[in-house]
Amino acid sequence: MSVVVSGVSVLIPGADSAKALAAGPQPGAGPVDPAALVGRKGLRYKDRATQLGYCLTSAALADAGLLGEDGTVCGGDVGVVVSSNYGNLDTVVRALDTLREGTVSATSPMDLPNASSNVIASSAAIRYGLRGPNLMVCNGATSGLDAVNWATTMITAGRVDRVLVVGVEPDNDVVRRLLGGRHAVDGGAAVVLEDAGAARARGVRVRAVLGRYVRAAGVGTVLERLAASGAPGPAWWHLPDTAPEGIGADLLPGVERIALPEHSGRASGALGVLQCATAVGLFDEYGEGPVYAVCGTDADDASAGLVLLEPPAPEAL
């Protein structure tokens with residue numbers, strides 16, 4: 001069974017499309033304004049990550065032709081997997097500060113739903129009518145690609161034909177304290193993954209095809225296993241969430257390296273999904289691949305990798 005990308009959305013400062021992301025987010029751009037994209041209704045009392053998640057969900061579902069006129073999903077059940085390591089950290093810290101300084105009666109009832117680690121995924125499912133499996137992944141450096149893999153597993157196991165994958169990270173004072181003063185990406189990306197047969201039956205445009213996913217200790221091992229998948233050698237390699245000079249020059253010599261620029265901030269749990277969106281932008285612009293996406297360096301607990309293939313002719317699906 002083949003799994004394809006049938007929809008994509010991107011929202012980070014300086015890039016609001018897959019092509020813009022692939023070209024490189026422009027520096028100096030202002031923050032994303034969720035109210036301008038999805039309206040103010042329903043945003044009050046929602047944390048920044050959930051608001052950004054709403055925007056990404058709406059745009060990706062619309063791009064895949066799955067958003068009905070009433071603003072909810074049409075065309076059958078759709079699952080959702082969200083990756084975020086910092087998502088509701090500000091809410092949790094605020095609640096803990098309140099408890100430490102006062103009593104439980106001082107906490108806000110509006111904060112309680114937001115204290116759940118699954119708040120981004122569950123809120124998107126409620127707002128947009130996503131009735132399929134619902135999962136939140138907070139898995140460190142590899143989280144984004146792990147989320148894509150879990151969505152693929154749901155599809156290949158026959159649980160659902162389509163899964164929305166969202167990778168999002170907010171930027172706020174709490175996150176910056178955790179990152180030692182550095183800032184986070186304050187946005188993310190979303191992709192709609194779909195069984196190839198279901199996509200063909202709907203007559204939608206395929207944006208990319210998912211190849212092999214691997215998870216192992218070390219970038220070198222991940223690249224070796226991706227190469228052993230039988231896919232052609234990569235045209236691009238999207239680097240982990242670190243400065244390009246932090247990756248050995250002996251790995252994949254001659255392959256063009258791409259990375260999220262330093263001014264965009266740490267992508268963390270959003271990176272793997274941003275990498276998938278970047279691959280779509282590269283395929284849209286150049287029509288060739290594959291793209292190797294890798295998250296996690298040798299300094300992390302693990303590294304993960306995914307092969308993304310350019311979309312074939314419709315009759316080949």
Should [X] and [Y] be counted in the same cluster of Ile, Leu, Val, Met, Phe, Trp and Tyr side chains packed under 4.5 Å apart?
X      : Y      : value
Trp236 : Val191 : yes
Tyr286 : Val8   : yes
Leu52  : Val192 : yes
Val80  : Val165 : no

Can you tell me how far the [atom1] atom of [X] sits from the [atom2] atom of [Y], to the nearest 0.5 Å?
X      : Y      : atom1 : atom2 : value
Cys55  : Leu11  : SG    : CG    : 6.0 Å
Ser2   : Glu194 : OG    : CD    : 11.0 Å
Leu271 : Ser264 : CG    : OG    : 11.0 Å
Asn88  : Met136 : CG    : CE    : 7.5 Å
His238 : Leu260 : NE2   : CG    : 6.0 Å
Asp63  : Ser6   : CG    : OG    : 8.0 Å

Could you check if a side-chain atom of [X] sits within less than 4.5 angstrom of a side-chain atom of [Y], using non-hydrogen atoms only?
X      : Y      : result
Leu67  : Cys74  : no
Pro261 : Pro25  : yes
Leu308 : Val209 : no
Leu43  : Val38  : yes
Met154 : Leu135 : yes
Val5   : Leu210 : yes
Val81  : Val163 : yes
Leu251 : Leu223 : yes

For the pair [X] (side chain) and [Y] (backbone), establish whether a donor and an acceptor sit closer than 3.5 Å, ignoring hydrogens and angles.
X      : Y      : answer
Arg257 : Ile247 : yes
Asn85  : Gly140 : yes
Tyr128 : Tyr54  : yes
Glu310 : Gly289 : yes
Ser122 : Val119 : yes
Arg202 : Ala64  : yes
Asp300 : Ala302 : no
Ser303 : Gly296 : yes
Thr221 : Ala216 : no

Q.
Within the 3.5 Å criterion, strictly below it, is a donor on Asp47 or Thr50 matched to an acceptor on the partner's side chain?
A. yes
Under 3.5 Å side-chain donor-acceptor pair for Thr142 and Arg215
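The criterion, which ignores hydrogens and geometry beyond distance, is satisfied for Arg215 and Thr142.
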Where do [X] and [Y] come nearest, in terms of heavy atoms and distance?
X      : Y      : result
Asp186 : Asp171 : OD1-N, 3.1 Å
Val273 : Val166 : CG2-C, 4.1 Å
Arg162 : Ala198 : NH2-CB, 3.9 Å

- prompt: Does a salt bridge link Asp241 with Arg266, judged by any charged N lying under 4.0 Å from a carboxylate O?
  reply: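 Arg266 and Asp241: salt-bridged.
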Hey, are Arg131 and Asp77 close enough for a salt bridge, meaning a charged N less than 4.0 Å from a carboxylate O? yes
| How about Arg212: does its CZ atom have over 12 heavy atoms from other parts shown lying under 6.0 Å from it? |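 More than 12 within 6.0 Å, yes.
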cation_pi(Arg207, Phe283) dist<6.0 Å, angle<=45: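 No, cation not above the ring by the 6.0 Å, 45° rule.
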Checking Trp237 now: which residues fulfil ring-ring contact (aromatic ring centres under 6.0 Å, His included) with it, not counting sequence neighbours?
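None.
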Requested in this report: Apply side chain to side chain donor-acceptor pair (under 3.5 Å) to Tyr213 and list each qualifying residue two or more places apart in sequence or on a separate chain.
Outcome: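 With sequence neighbours excluded, Tyr213 shows a side chain to side chain donor-acceptor pair (under 3.5 Å) to Asp146, given in chain and number order.
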